[in-house]
Structures are given as C-alpha cells and as structure tokens.
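Inspection log for the structure reproduced underneath, given as structure tokens.
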Amino acid sequence: MGVGHGYGKVILFNEHFVVYGIPAIASAIDKKTIAEVRKCKGKEFIIRDNREATPGYKEEKLEQQRESIRRIKDAMGIKDCIEIYLHGDLKAASGIGASAASCTAIARAIADEFGLNLTDERINEIAYEGEKAYHGSPSGIDNTCATFGGLVWFVKGKGMERLQIEKPVEIVMGDTGIVANTKKAVEGVRRRREEQKDRYNKIFEQAEKLAHEARKALLEMNWEKVGSLMNENHKLLQQIEVSCKELDFLVEVALQHGAYGAKMTGGGLGGYMVALTPGKELQEKVAEAIEKEGFYALRTKIGI
Ligand code: MEV
C-alpha cells in the first residue's frame, strides 16, 4: 500500500487577483488529507472517500473528483487499476484547499505504491494537473501550499517564495457551510473584468500594492497592520463580487469580537472566511462567537 498527504491552506491575501499574475500570500494549515493507494483488479480506479465533509460537498464534486484522478493517473503514466482511500483531519469543504490537498495526497500515495521516486516539485506539477478538473485554469497557489506547506508569497507562473515568521500565529476559519464552485467564481471575475475594464484595473492595482504592504507587515509580525490590510483585501474582493452575505456576516462577527482583521478566503461565494486572532484567548473568543451563530469554526495557525 502507498500513502501520501497534502495540507489544507488559507489564502491571506489576493485570491482571484492571483489568477492574473498579482502576488498572493497563503499559508498551509495544520490539517491534512491522507490518501492510501493499492493496485487492484478492475478498470481505472475505485475511490472510497472517508473525509468529513460539508453536507453536499462530495456529491457536488464527484464528477470533478473522478476527472481529477484520471488526470493524475495520466500525468503519472499509471495504467493499472487502483483503489484510493481518502481520510485525514482536513474537512472537505470549499475555501480551505480540500481539492488541492487531495490531489497532492493521491499523487504522493500513487508514487509510493508504484515505487516512483518523485521530488516535491514533480508532485506539485502532478497535483496541478489534478486541480485543473476542479478549477479550469488554476493559478497553482493551492497545490503549492498543499505540497510544500509553510507561509508563502506566490506569483502565478513564477512560483513561490517562503516567508519566515518567528512563530506561528492563531487564526480562526469560519465555514458558511455553502458548497461553492470555484470554476464559476473565477469565470465570473473574468467576465466582469472584460465588461468593466477601467474599474477592474483600478481594483487590481490596489490589490497589487496591498500585497507588498502585507508582505512587509507579515515579516515584521505587525498584526494590527496585517489585520487592517486583510479588511481592505476583503473590500476589494467584495468589489469584484466574490463574497456573499454569509461570508460578510461572519467577517462582521469576527471583527465585533476583537479579530485584528477578517476576510473571505479561497474561491468565495460560500466556503470559508478567515480571522486573524493572535493568542489563544482571542482565538477562542472569536471561534465561540462564530459557533454561537450556528457556524463551524476551525482554530488553527498560519506560519506552521
Ligand atoms: C482558490 O482557492 C483560489 C483562486 O484564486 C483560484 C486560483 O488561484 O486558482 C480563487
């Protein structure tokens, strides 16, 4: 049997903008998907998905998941039938890099089962091929976090640069419970950008400037500044229409309970938001406030 893992992720700055070459900042989180792979008799593959999931997520993504596994097998030149078993402590939900984590985990587990000695760079390329089934034309930020872990500065086509901070910092991720379609969200931005060129150019310029300020503030561990830049980033994401009322509500709840900053994270139109909550006490306070409103709250860290 072959085994592999892939990390979940949180995008702290510039999801969507990253698709157009604007820098983004993201971090892996301490939750991962694990894949176990065995050669078996039969055609193509069998998938047993035992991940905890947002209701409806697995059903909604089933076709994309199957297409993704075909792409991964093709990229690795695997013709044999395989059985794939998915589990781990990363909930399968929108906005947290669940699809990328599973692509990386599956690629690693196949490599292990077939005795292929692949570098992380190659695993990342294969996971990117798998991600295409979920995203169409992904920037590559999710599979990069899933494969390499850590806090990263990412530019599409150029890859990642690791950002080192002295110690990890607490965040809360609040789940709207809405299964979102990233492909549709990305297509929507593309269409509106075509229709409203001047307006979108101005928003994109602000996103680029913000990324550089955020990088500096993160490296200085200036959490007040990082938080206020996250708030600004959320406003830009609202302007390009990828937020939704549930995400905006959870952002408000987090801010009202003392979060340094909060924003939607990932593809948007549902899925997760993230709140910056340095220290265990503040993290607990914000997480409890989200839970009190009836939503799932994940307590985790960036920079692990
Ligand atoms: C999805 O996690 C992030 C997006 O920016 C899409 C991508 O980068 O491929 C929305």
Side-chain angles (χ1 to χ4, degrees), residues 6-29 31 33 54 57 60-61 64-65 68 71 90-104 124-125 127-149 151-160 171 173-176 178-193 200 203-204 207-208 210-211 214 230 233-234 236-244 247 263-274 298 302:
Y7 298 103
K9 66 94 206 351
V10 56
I11 300 185
L12 296 168
F13 293 97
N14 283 350
E15 47 274 272
H16 286 286
F17 300 110
V18 68
V19 173
Y20 301 87
I22 290 176
I25 300 174
S27 178
I29 58 168
K31 300 279 176 265
T33 292
T54 298
Y57 179 91
E60 174 88 21
K61 307 279 174 189
Q64 294 179 351
Q65 184 184 49
S68 167
R71 284 177 164 276
L90 177 69
K91 190 171 159 192
S94 301
I96 198 162
S99 60
S102 71
C103 290
T104 296
N124 192 33
E125 283 169 10
Y128 180 76
E129 284 306 311
E131 268 285 271
K132 286 182 183 168
Y134 294 96
H135 282 205
S137 176
S139 67
I141 191 167
D142 290 11
N143 48 280
T144 298
C145 286
T147 304
F148 296 102
L151 180 64
V152 301
W153 170 266
F154 181 89
V155 181
K156 185 180 178 184
K158 293 196 181 145
M160 70 149 194
I171 57 165
M173 296 181 72
D175 185 6
T176 60
I178 300 170
V179 178
N181 184 328
T182 306
K183 212 174 198 169
K184 266 198 191 143
V186 171
E187 277 165 15
V189 174
R190 190 172 299 281
R191 181 174 41 78
R192 290 187 292 277
R193 186 168 174 263
Y200 269 58
I203 301 171
F204 277 53
E208 171 128 35
L210 204 143
M230 285 168 71
N233 205 204
H234 184 64
L236 298 181
L237 291 159
Q238 284 176 319
Q239 287 171 27
I240 62 167
E241 296 178 47
V242 288
S243 191
C244 64
L247 283 166
K263 62 181 277 292
M264 56 154 277
T265 184
L269 304 179
Y272 275 89
M273 51 70 71
V274 54
L298 174 67
I302 54 165

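Just so you know, ligand 1 is whichever comes first in the structure, and atom 1 is the first atom listed for that ligand. Sequential numbering from 1 along the given sequence is applied to the chain's residues.
- Contact of the Val10 side chain with the Ile302 side chain is registered, since non-hydrogen atoms from C-beta on lie closer than 4.5 Å.
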Could you go through residues 13-26 and list every donor-acceptor pair under 3.5 Å that involves a side-chain atom there, pairing it with any protein atom two or more places apart or in another chain?
| unit_1 | atom_1 | unit_2 | atom_2 | d |
| --- | --- | --- | --- | --- |
| Asn14 | OD1 | Asn233 | ND2 | 3.0 |
| Asn14 | ND2 | Pro23 | O | 2.9 |
| Asn14 | ND2 | Ala207 | O | 2.9 |
| Glu15 | OE1 | Lys263 | NZ | 3.0 |
| Glu15 | OE1 | Gly266 | N | 2.8 |
| Glu15 | OE2 | Lys263 | NZ | 2.9 |
| His16 | NE2 | Gly267 | O | 2.8 |

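- Judged as a side-chain hydrogen bond (donor to acceptor under 3.5 Å, both in side chains), and not counting sequence neighbours, the contacts of Glu129 are Lys132.
- Among protein residues, Lys9, Ile11, Glu15, His16, Val18, Val19, His135, Pro138, Ser139, Ile141, Asp142, Gly266, Gly267 come within 4.0 Å of ligand 1, judged on heavy atoms.
- For Thr144, the side-chain contact (heavy atoms from CB on, under 4.5 Å) partners are Asn124, Phe148, Phe154, Met160, not counting sequence neighbours.
- Side chain of Thr176 to backbone of Gly271: a donor-acceptor contact under 3.5 angstrom is found.
- Ser68 contributes no side-chain N or O that, together with a main-chain N or O of Glu131, makes up a donor-acceptor pair within less than 3.5 Å.
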